[in-house]
Each structure stands twice: as structure tokens, then as C-alpha cells.
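Attaching a single structure in C-alpha cells format; questions to follow.
All residue numbers refer to positions in the sequence shown, counting from 1.
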Amino acid sequence: GVGEKPVAGTFTEDQVAKGETVFKATCSACHVPSDHTGEQFRMNWFGRTVFDYFASLKKTMPDDNPSGLSDDEYVRVVAYILKLNGYSAGADSLAADSTSMKLIRIGPPPGDTTKPPGTRR
């Protein structure tokens with residue numbers, strides 16, 4: 001779509017570090033990072049936007065307190081998960097802003113040689 005950008009560089013290392021802290025404090029009771037990476041992540045989220053991911057997390061997590069974290073905390077967890085999936089951090093912070101998050105389309109990280117189904121010759 002118009003104005004869309006790839007994921008890499010749309011969040012900072014600081015957000016990743018804070019997101020890891022939130023993940024360990026809040027999410028790790030039920031989740032391990034590998035629940036949110038690799039094939040599972042690709043199948044669920046490639047082709048969707050960072051906002052879709054943020055909104056899904058916020059609506060459903062934590063199990064015992066959905067929407068119980070601040071938007072900033074959800075954004076930091078998103079940054080952490082994106083980093084785990086091979087996207088690199090950059091100078092721009094990911095904003096808890098639906099308009100900007102809707103422009104970031106999740107797809108293969110740079111250097112990911114995994115071909116989506118249906119593209120093999």
C-alpha cells in the first residue's frame with residue numbers, strides 16, 4: 001500500500017530491552033519467546049501490519065488481565081518480538097499510534113531466504 005514501510009528500523013534497541021523486561025515480568029509465565037518466532041510467527045503475521053499484532057496482543061494479553069498494560073508496554077513487547085524474528089532496530093522509536101503502525105507491513109526480514117509458499121519454481 002501507499003506509504004508502507006518494512007519493519008526493520010522502525011523500533012529502537014531501547015524499546016527492545018524494555019520489551020524484554022516486560023515480557024519476562026508479564027508474559028513469560030505462559031509464553032516462551034519461541035512461541036512468537038519462526039514458522040508460527042510467519043504463518044500468523046506475514047502480510048499483516050504491526051498494528052494488527054499490537055491490537056491482537058492488547059486485546060488478548062495478559063490472559064488474566066487483557067489490555068492491562070500501558071500502550072507503551074505493549075509497543076515495547078512488540079519491538080522485542082520483532083527483534084527476535086530477525087528485524088533490526090534503528091533510530092526511530094515505534095510509536096503507540098495506530099496510524100503509523102498500520103503503515104508497517106510484516107514480511108520476511110532482510111536476509112531471510114525463506115520463500116513464501118507458492119513462489120518456488
Got a list of side-chain donor-acceptor pairs under 3.5 Å for residues 58-67, not counting sequence neighbours?
unit_1	atom_1	unit_2	atom_2	d
K58	NZ	D71	OD1	2.6
T60	OG1	S56	O	2.6
S67	OG	K58	O	2.9

So, the side chain of R105 versus the backbone of G47: is there a donor-acceptor pair under 3.5 Å, distance only?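 Present.
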Salt bridge (Lys or Arg N to Asp or Glu O under 4.0 Å) involving K83 - partner list, sequence neighbours excluded: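 For K83, the residues satisfying salt bridge (Lys or Arg N to Asp or Glu O under 4.0 Å) (neighbours in sequence not counted) are E13.
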What is the distance from atom OG1 of T49 to atom CD1 of I106, rounded to the nearest 0.5 Å?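 One gets 6.5 Å once the value is rounded to the nearest 0.5 Å.
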Excluding sequence neighbours, so at least two apart, what forms salt bridge (Lys or Arg N to Asp or Glu O under 4.0 Å) with D14?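 Residues passing salt bridge (Lys or Arg N to Asp or Glu O under 4.0 Å) with D14: K18.
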For D72, give me all partners under salt bridge (Lys or Arg N to Asp or Glu O under 4.0 Å), at least two apart in sequence or on another chain.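 Here no residue qualifies.
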Scan for salt bridge (charged side-chain N to carboxylate O under 4.0 Å, His left out) pairs involving residues 43-53, sequence neighbours excluded, and state none if there are none.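 Qualifying pairs, neighbours excluded: R48-D52.
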Give the C-alpha distance, both sets of side-chain angles, the deciding distance and a yes or no for side-chain contact (heavy atoms from CB on, under 4.5 Å) between D35 and Q40. CA-CA 7 Å; D35 292 345; Q40 196 62 43; over 6 Å; no
K24: which residues meet the salt bridge (Lys or Arg N to Asp or Glu O under 4.0 Å) condition with it, sequence neighbours left out?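 Residues passing salt bridge (Lys or Arg N to Asp or Glu O under 4.0 Å) with K24: E20.
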Taking L103 as the starting point, is it possible to reach F46 by hopping between hydrophobic residues whose side chains are less than 4.5 Å apart?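 No, it is not one cluster - the side chains of F46 and L103 are not joined through contacts under 4.5 Å.
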E73 side chain to V22 backbone, donor-acceptor under 3.5 Å: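 Not confirmed, E73 side chain does not pair with V22 backbone.
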So which heavy atom on A91 is nearest to which on T12, and how close?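 Shortest heavy-atom separation between A91 and T12 comes out as O-CG2, 3.8 Å.
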With sequence neighbours excluded, residues passing side chain to side chain donor-acceptor pair (under 3.5 Å) with D97: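 Expected list: S100.
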With sequence neighbours left out, what residues match T21 under side chain to side chain donor-acceptor pair (under 3.5 Å)?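 Side chain to side chain donor-acceptor pair (under 3.5 Å) list for T21, sorted by chain: empty.
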Student check: side-chain heavy atoms of T10 and K5 closer than 4.5 Å: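 Yes, at least one pair of side-chain atoms sits under 4.5 Å.
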Please list, chain by chain and in numerical order, all residues satisfying side-chain contact (heavy atoms from CB on, under 4.5 Å) with S88, sequence neighbours excluded.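 Partners of S88 under the side-chain contact (heavy atoms from CB on, under 4.5 Å) test: A8.
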Looking only at heavy atoms, which two atoms of G68 and Y74 are closest? And how far apart?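 Taking G68 first and Y74 second, the nearest heavy atoms are N-OH, 3.2 Å.
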Atom pair CD (Q15) and CG (L94), whose distance is rounded to the nearest 0.5 Å: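 Answer for the CD-CG pair, Q15 versus L94, is 5.5 Å.
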How long is the span from the CD1 atom in I81 to the CZ atom in R76, to the nearest 0.5 Å?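 Here the interatomic distance stands at 15.0 Å.
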Below 30° counts as parallel, above 60° as perpendicular, anything between as tilted: where do the rings of H31 and F23 land?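 Tilted: the ring planes of H31 and F23 meet at 30° to 60°.
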With side chains defined as the heavy atoms from C-beta onward, is the minimum distance between P6 and Y87 less than 4.5 Å?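 A side-chain contact is absent here, since even the closest heavy-atom pair is not under 4.5 Å.
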Would you check, one step at a time, whether the test side-chain contact (heavy atoms from CB on, under 4.5 Å) holds for V77 with T26? CA-CA 10 Å; V77 171; T26 310; over 6 Å; no
Calculate, to the nearest 0.5 Å, the distance between atoms CZ and CD1 belonging to F51 and I104 respectively.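 Answer for the CZ-CD1 pair, F51 versus I104, is 12.0 Å.
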Can you name the residues that form a ring-ring contact (aromatic ring centres under 6.0 Å, His included) with Y53, not counting sequence neighbours?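 Listed in chain order: F41, W45.
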